[in-house]
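Numbering of ligands and ligand atoms starts at 1, following listing order. Residues take their numbers from the sequence shown, with the count starting at 1.
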Amino acid sequence: MSTVVPKPSKIEGIKLASEYLKGSLLDESTNGLDHFTDDAGILLKFHGSYQQDDRDLRTQRKKQGLDKAHSVMVRVRMPGGRFTAAQYRLLDNLAGDLGNGSLRVTTRQEIQYHGVPKTSMKMLVSTLNRSLLTTLAACGDVERNVLGCPAPIKDNRHAQMREDLMAFAAHFAPRSSSYWDIWLDGEKLEGFLPEDLSLLHVPTAGDDPVEPIYGKSYLPRKFKTGFAFPDDNCTDMMANDLGFLAILSDGEILGWDIYVGGGMGTTPSSKRTFPALGVALCYATRADFLKISEAIIKVYRDFGDRSDRKRARLKYIIADWGVDAFRAKVEEYLGHSIFAPTATAITSVDDHLGWHKQGDGKWFLGVPIENGRIKNDDGLQLKTGLRAIVDQFDLGGAFTCQQSILFSEIQESDKAAIEKILEDHHIARADQISSVRRWSMACPAMPTCGLAVTEAERALPELLDQIEAVVAKLGLENEAFTIRMTGCPNGCARPYNSDIGLVGRSAGRSEDGSSVPGTYTIFLGGRLIGDRLNRIYKDYVPFDQIPSELEIVLTRFRNERENGESFGEFCFRIQIAAGEVAGGVELPPE
Ligand code: SRM
Ligand code: SF4
């Protein structure tokens, strides 16, 4: 009996024919047109950019017989979210000079520029690289930005996580020269990643000469990695394809429990797709974790689905094979067995906001940024205020996976002056906003995201005003629970392991064609520490009914909770959302 091999998707053909991600990008990057061709747009992602258009203007422009208002989104890849003062100044300047004026901190510790004219992209990318920032592999079917605890705490475990994270980021960066050829006219800048890449990889027989890890077709789909501590899962490690949980002894990292197969994206109409949290695969020492990671990624490269992109993430291999068969294949690639995971549990999470001691006499300050958008509004001068802090005190820092910013290396004597800058620019400290707002996130959605069905970033602040009123009425102001909202089921703000997930379901339209919030699916029963998926509570809930729907459940929580359980734990215990898990399928047992 012959086995039918499914036809690879069109994107596989584009990758293969691109000569290691070049395609027609060299010409198209400078041809003066306002948008890339579709095929070039696919390759563009590997270079850190998406072609977009202003969806607010679509209807109006169509009526006027005009083409879409094209621009590009450019994502800056920042392992562990770190930046220096000089890099922040540059990031900030470029937003005004070449983007739409705003900086967007992402859920993966990066910065996105929106509204960049295509003709400015080369200038933007080359300028970033000259400041040792890069957009290489910020998107595309490769290992993406690597997440790590952003807190600048001066102890061994934070330093060791940083060391392993940076080694990982360097090891899995694409090696092809296309990026440099296209955006930097062939000039390869040293030091954009911490190590000399050539030192790290020892080629073996059969490896592709240009891309020894990825090969000509790169990976079947995006691949994401996060590092976390058991007592601080601030990176939401289990939502990644590959997760590293530190195994500690006396404050030192001995090694890592490796998790595989996390991912959020789902297509509600396809029961074969679902969000999943990573499952524990093995324990690796610090000496071995890169080698084992390379084997995992190569197994994914060779066995991931290259015909159906909706089912191409690593999580589907884990679901289809089971974790034991996957482990056996990784061992086969390695040529030896691997250790069982230690099964250390995640116990806590810290958003690192507010004032904290670094452990060396200095302080760091976490400033909440609502939905990650750094810009100036009539009242709130967020962009100007943050820049003033950087300029006046020459501070670097890091972006968090909760879309916020940390400033580090602050002298005790400067704390009051920094607080004064915040106050003068109407920037709220963490202790001045509600717990609900502090733990909330929304994805960009309208008007930039081409996949958005509903509003998210623009709608959440108003929704939170109403939810805050409900929470205050019920006396629950001090409860910490996550509310995460997205404009479609792809899950960019990680709604499927939150206490309350609000996922865009169907579009709303006003008479003039402008976007208004549509309906949402409400998910309940995840929790702050991110180790459990939530479940569908109600589907197709109109935006303006979300607060009253939540009030019903929050009232039950206030009246019936036990032993200080959190809102998500309560919903899980009483199975208030006992319906389907997100995406409509039960997950395979771990
Ligand atoms: Fe995402 C696609 C924004 C984190 C799952 N994501 C997109 C695109 C590029 C839309 C597109 O493909 O045309 C969005 C650009 C919108 C815009 O206008 O900027 C977009 N994703 C974001 C960001 C900016 C959301 C945010 O609020 O910060 C995050 C950027 C992270 C970064 O710096 O790299 C972002 N995306 C995530 C996460 C969360 C995470 O990784 O921790 C997820 C869920 C985890 C996962 O990958 O499963 C996520 N994004 C997706 C998916 C679904 C993937 C899937 O397996 O089905 C898509 C759609 C796709 O890939 O086809 C997507
Ligand atoms: Fe766009 Fe959907 Fe991601 Fe939101 S969740 S940014 S709407 S792809």
Using 2.8 Å as the cut-off, note every protein N, O or S atom close to atom 1 (Fe) of ligand 1. Cys492 SG
Is it true that [X] and [Y] have a side-chain N and a carboxylate O under 4.0 angstrom from each other?
{"X": "Asp351", "Y": "Arg438", "result": "yes"}
{"X": "Arg221", "Y": "Asp308", "result": "no"}
{"X": "Glu110", "Y": "Arg77", "result": "no"}

Tell me: protein heavy atom nearest atom 56 (O) of ligand 1, and distance? Arg313 NH1, 2.8 Å
Structural part of [X] in contact with ligand 1, heavy atom criterion under 4.0 angstrom:
{"X": "Lys310", "answer": "neither"}
{"X": "Met264", "answer": "both"}
{"X": "Gln52", "answer": "side chain"}

Here the atoms of ligand 1 under 4.0 Å from any heavy atom belonging to Gly263 are 48 (O)
Please identify which atoms of ligand 1 are closer than 4.0 Å to at least one heavy atom of His114. 17 (C), 18 (O), 19 (O)
Sequence neighbours excluded, the answer for side-chain contact (heavy atoms from CB on, under 4.5 Å) partners of Ser506 is Thr519, Tyr540
Protein N/O/S count near atom 1 (Fe) of ligand 2 (criterion: distance under 2.8 Å): 1
Yes or no on ring pair (Phe, Tyr, Trp, His ring centres under 6.0 Å) for Phe168 and Phe244, after CA distance, side-chain angles and deciding distance? CA-CA 11 Å; Phe168 185 96; Phe244 294 97; 5.7 Å; yes
I'd like to check which ligand 2 atoms, numbered from 1 as shown, lie under 4.0 Å from a non-hydrogen atom of Gly491. 5 (S)
Test: salt bridge (charged side-chain N to carboxylate O under 4.0 Å, His left out). Region: residues 484-495. Which pairs qualify, not counting sequence neighbours? Asp236-Arg484, Asp236-Arg494
